[in-house]
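See below for the structure under consideration.
What you see is a predicted model; the values in this text were computed from it and never measured. Counting convention: from 1, in listed order, for ligands and their atoms alike.
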Amino acid sequence: MTVREIKKMGHPVLRRPADAIEDPTAPEIKALVEDMVDSMREAGGIGIAAPQIGVSKRVVMFHVPDDDAPGNDPETRRAVVENPLTVLINPTIDVLDETEVDGWEGCLSVPGLTGIVPRYKKIRYTGVTPDGEKIDRVASDFHARVVQHECDHVDGILYPYRMTSNASLMFTSEIEHLEAPPTEEELA
Ligand code: NI
């Protein structure tokens with residue numbers, strides 16, 4: 001197990017498009033995935049991308065949100081860290097519904113901050129697992145948001161670049177002042 005340092009906004013590895021992976025089942029990719037899992041857990045995240053631990057490769061992972069209880073109410077949505085972890089190598093996204101939905105986001109590479117980001121409501125995403133299994137899913141709402149956030153990382157994009165106004169950008173230590181504060185999952 002290796003917990004690696006999370007690179008923060010400003011580090012060049014977070015700004016460049018990451019490299020595609022030729023052999024998703026290679027042992028080095030399995031080792032990278034293990035380090036990503038360890039680093040994500042240590043940092044308390046629900047998703048992470050390889051560039052965040054300094055590796056410019058197209059690998060992302062995230063706990064699949066519980067779509068049965070969507071929305072912003074922490075009472076009705078299970079903690080996503082308890083949900084299955086999906087690992088995607090060479091992920092792709094197709095937008096199925098161009099409606100943009102605003103929602104709070106946080107990022108391990110932008111610690112202590114949160115802001116409102118518009119994301120497409122419904123997407124189809126694909127990728128390959130480290131076992132060589134193909135993944136092809138349709139996702140909407142928070143699930144779609146998480147996938148869009150993580151896949152942005154391998155294109156060198158952080159959530160603040162997607163914000164249409166930075167008026168909502170704030171420190172998570174101040175969210176108690178909001179009428180409808182973001183949930184733990186949204187901040188992770
Ligand atoms: Ni992030």
What protein N/O/S atoms sit under 2.8 Å from the Ni ion (ligand 1), by chain and number?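 Protein N/O/S atoms under 2.8 Å of the Ni ion (ligand 1): C107 SG, H149 NE2, H153 NE2.
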Go through M170 and W104 one step at a time and tell me if the side chain to side chain contact (heavy atoms under 4.5 Å, CB included) criterion holds. CA-CA 11 Å; M170 67 184 294; W104 290 96; 3.9 Å; yes
Write down the atom of P160, the atom of M9, and the distance for their closest heavy-atom approach. CG-SD, 4.0 Å
No-hydrogen, no-angle side-chain donor-acceptor test under 3.5 Å, R137 and T86: yes
Check whether the side chains of D23 and T25 place a donor and an acceptor atom closer than 3.5 Å, and report yes or no.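 Distance-only check passes for D23 and T25.
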The salt bridge (charged side-chain N to carboxylate O under 4.0 Å, His left out) partner of K121 among D102, D97, D141 is D141
If you measure from the Lys or Arg side-chain nitrogens to the Asp or Glu carboxylate oxygens, is any gap between E5 and K7 under 4.0 Å? yes
